[in-house]
Structure formats: structure tokens, C-alpha cells
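Below is one structure, written out as C-alpha cells; comments come after it.
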Amino acid sequence: MSTVAVTGTGIVCAIGADVPSFTTALRAGRTGVVGTADGLAAPITWWSFDDAVAGVPEPLRRRAVRAAARAPQPVRAAVAAALQAWTGAGLPGAGIPGDRVGIVVAGHNLTARYTHELYRTWQERPAYLPARFALHVQDTDHVGTLSEVLSATGEGFTVGGASASGNVGIVHAARLVAAGAVDCCVLVGAVTELTPMHHRGFAVLGALAEPGGDPAAACRPFDRDRRGFVPGEAAAALVLEHPAAAARRGAAILATVAGYALGLDANRLADPDAAGQARVIRAALAAAGLAPHEVDYVNAHATGSRLGDETELASLHDVLGAAAGRPWVNATKALTGHCLGSAGVVEAVATVAQLTGGFVHPNPNLDRPIDARIRFAGPGPEPARLRYALSTGFGFGGINTAVVLARTADGG
Amino acid sequence: MTVFEVVKASLVEVVPDVDPASVTAGRTLSDLGCTSIDRAEVVTLAMERLGIVVPISEFRDVNDLDRIVELLRTHM
């Protein structure tokens, strides 16, 4: 399979408003999980759009302010993350024709809290419904706004796959580039904002970690005392380019998307299946031309769910066999919370940071691992020279994904 | 705040790159860089700030500042 280059990354989440601060938090194993009125969460709180775009070169900054300053928070965060990736990739002024630039937004049901918060106004004073409601209430508001800011006129759309949406986005953005439909694709994993109704809905399924004790210790992937996931908020972005196009403009390649796979379980439930997961992991490794012993690092889906974490380890043992103890394994969700629609992109940004930075981030709450045969990262960061990383993503309704990211041979 | 000032403040909020000094009586919203959706947003914000309701059908085709101000006044 032809590889696709990652030339830019961006993120706005509970533990960092850009890639450098996020990377520092990763190294430190700092968690963004706090107690909120709706329960445990890792929200984006202190963040300001105006500050986020203040350093963006003109005329991009003005376009961003005009298009997004009054948009709902998920769209503002998406624009900020995309601009980090775009400027990091050296694209402002690079002269790529607009019709060679695509936009893929990963995630769905992105406007639930916007609607929920407007509902009281609507009931009391319907005439004051914001005039942009019909635009902002659609998930594709992200696509339109990003395309306006970046002057992109190539292909663009949203993709959905529940908690696997981010990886589904990577698959489709990489395909657009590999197929030659665009030279450059901006992929944004969008913020999934939950409402109290959603918290209740996940809680009744037994999926959520309930409040109690230290919030920082509540999200415990792969630990014997794990008790469910903690929702997190993040917008994360990747710029994907054809390696030849990136080379032509002299862009630094941070990593490559070396393989991926997506498959369903023929199952509508929240019922993970190790065989279905193993199938996509095996297929992604095969697409990258990798043997099990060549995987250096696994950024696990690992939400902290009792059944989910166990199932994922079973699928890793199935695929990696005797090599299962070799790669480092960590769970970014212990730090960021489970960012749902954007999780796969958040974890790709974290993986690229670790591949390029030569470390694996800690598993701060992994006191009593459920599997002694796996090489879990410990309470502190581990220096590690990583070449090949596997990032998994599994969603309700049996949506299984796996992506292989590789550090480039020149060490970049 | 006069009705004009309320409309002006709403417009400057919706279209951040407009020069507030250029928002004067006699100008049209399209001159000032507003799209039709910006116009609907400006009118809705102004209605909310003034605590009045103007039926959508009445401001659908109104584009100049003076007529917007006049329309809002008739509903106060």
C-alpha cells in the first residue's frame, strides 16, 4: 500500500492548547480529568479562540475570525487545531491550488450540546433563535468553515464511526491522498460535547466511570480497578500529503501512515469482539508490510472500560502472538479522557509526538495491570526509539479500526 | 442606547472586520460586507437586545440601516 505523509499536527484539548504543550503534558503523564456538574470529564475550559489564532499569519487569521469567532466551541476548536497543523506544515504561502486541498472531519452528532443549550431559549423566546442556527446545527458546519478559512475547494465531508471516528477519518483522508483526489488533506477530529442526557445514557449502560475519590485517578485503562471511561473534549488535526508532493515543496515529513484497516462486527451493540478487532489489526499490519515483532509501540484504544480493555488485550495477543510482550503499550485516554469522535486523531497526534520525540508517555493510573505479559508504560515517561506504531480505535456498533504510523527513515 | 446604536453594535459583533466608524445612517448592509445571513443575525440580535419581536417576513428584504432601524422602532 502506498504510504501517505503526515506533515502537520494540531490539537486543542484538556491538557494542551497546542502540540508543544500537549507533548509536555504527555511526557509528564498529566491528566485533564476533573469533577464537573455533569460528572467526571476532561473538558476544554480555559481556552480562548482569539488567543489561539492571535499568532496566525494574515490573511488566514482574519478569515478565521470572520468565519469562526461566533461559531459554537467545537467549530472554533477545530479551526484552531487545523491552523496549527496547516502552519506547522508550512502551508501558508506554499501555493497549493485550492482544488488540491481536501477537508475531512471525523466525528458525528457534534451539535448536541449547542442544541441542548439553546433549547431553553427556544422554549421561552423562539424569535431569538440565532439566525445561524440552521448552519451551526449541522455537523458539516465544520467542513464549510474549515474550507472557507483554508480556501480549500477539493473534496470534503464528515465521516462517522462512533468512538472509532478518528481512525475512520485517517483511513478516508489517507485514501483521498493516495488515490490522487487531492495533494493535501486536512483531517480534523472534532470535539464531541456531551449533555447531561448523554452522561446519563452512557452511565445506564455501565460505560462511564462514576464520580468518587480523586478525579485524576478515575480513568484507569488496563488497571484491575478500572471502572469505565471518562469523557474528554478535543479537536485534533493532521495534514496528510502525498510524499512526493511534500518532497516537491521541501516540507518536513513527521511520520507516515503506513497501513490501516476498517471492519465491522455485524453487531449493533456495545459489545467488543476480539476476533473482529484482531482482524483489522492483522490487516493494518499486513498493509504496512509488518511482521508482529516489528511493532514498537501500541497506542491502545483502552478507554478504561472493564470489558473493552480486556477484549483489546485478547486481540493484541491473538495478532502479536509471541511478540505480544515486545511493544510498549499506553493509553492516551488516561490523560485526555475519551474524546469519542476525535479520539483516533488525538491519539495519532500523541503517537506522532512520541515517534518524533523518542519517548512513550506514562500510564499514570496503571497501578495493578490486568496482564503481566504486556509491556505497559509505567508511571513515568520512557525513552524509546520507536519506528512503527499501531493505534487502535473501536466503536459501538462493532466498528473496528487500526492504523499503523511510522517514523520516517531519516529520523524525522 | 438608541435603536441605531443597538443595530450598529450588533453589526460590529457579527462582522468583526467592519470599521465601526463606517457604520453610519444611509449605508446598506451589503456595502458593509454583510451577507444575507449576517443581516438576519444582526436583526435577530438587535430584536433580542431591544426585547421586541419583528416577524421574519417583514425584514426579509430590508437591506439598509435606516429601514432596519425604522422597522425595529415600529415594533417597540
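Just so it is clear: chains get the letters A, B, ... in the order the sequence lines come, proteins before strands, and each one is counted from 1. Atom set for the values below is all heavy atoms of this structure, side chains included, hydrogens, waters and symmetry mates excluded.
A salt bridge links B/Asp38 with A/Arg66: the closest approach of a Lys/Arg side-chain nitrogen to an acidic carboxylate oxygen falls below 4.0 angstrom.
Interface remark: A/Leu135 contributes side-chain atoms only to the contact with chain B (heavy atom separation under 4.5 Å). At a 4.5 Å heavy-atom cutoff, the contact between B/Leu45 and chain A is made by side-chain atoms alone. For B/Val14, the parts lying under 4.5 angstrom from a heavy atom of chain A are both the backbone and the side chain.
Within a 6.0 Å radius of CG in B/Asp61, no more than 12 heavy atoms belonging to other residues, nucleotides or ligands are found. With a 6.0 Å radius and a threshold of 12 heavy atoms from other residues, nucleotides or ligands, A/Leu129 has its CG atom above the threshold.
Applying a 4.5 Å heavy-atom cutoff, the residues of residues 95-128 of chain A that approach chain B are A/Arg125, A/Ala127, A/Tyr128.
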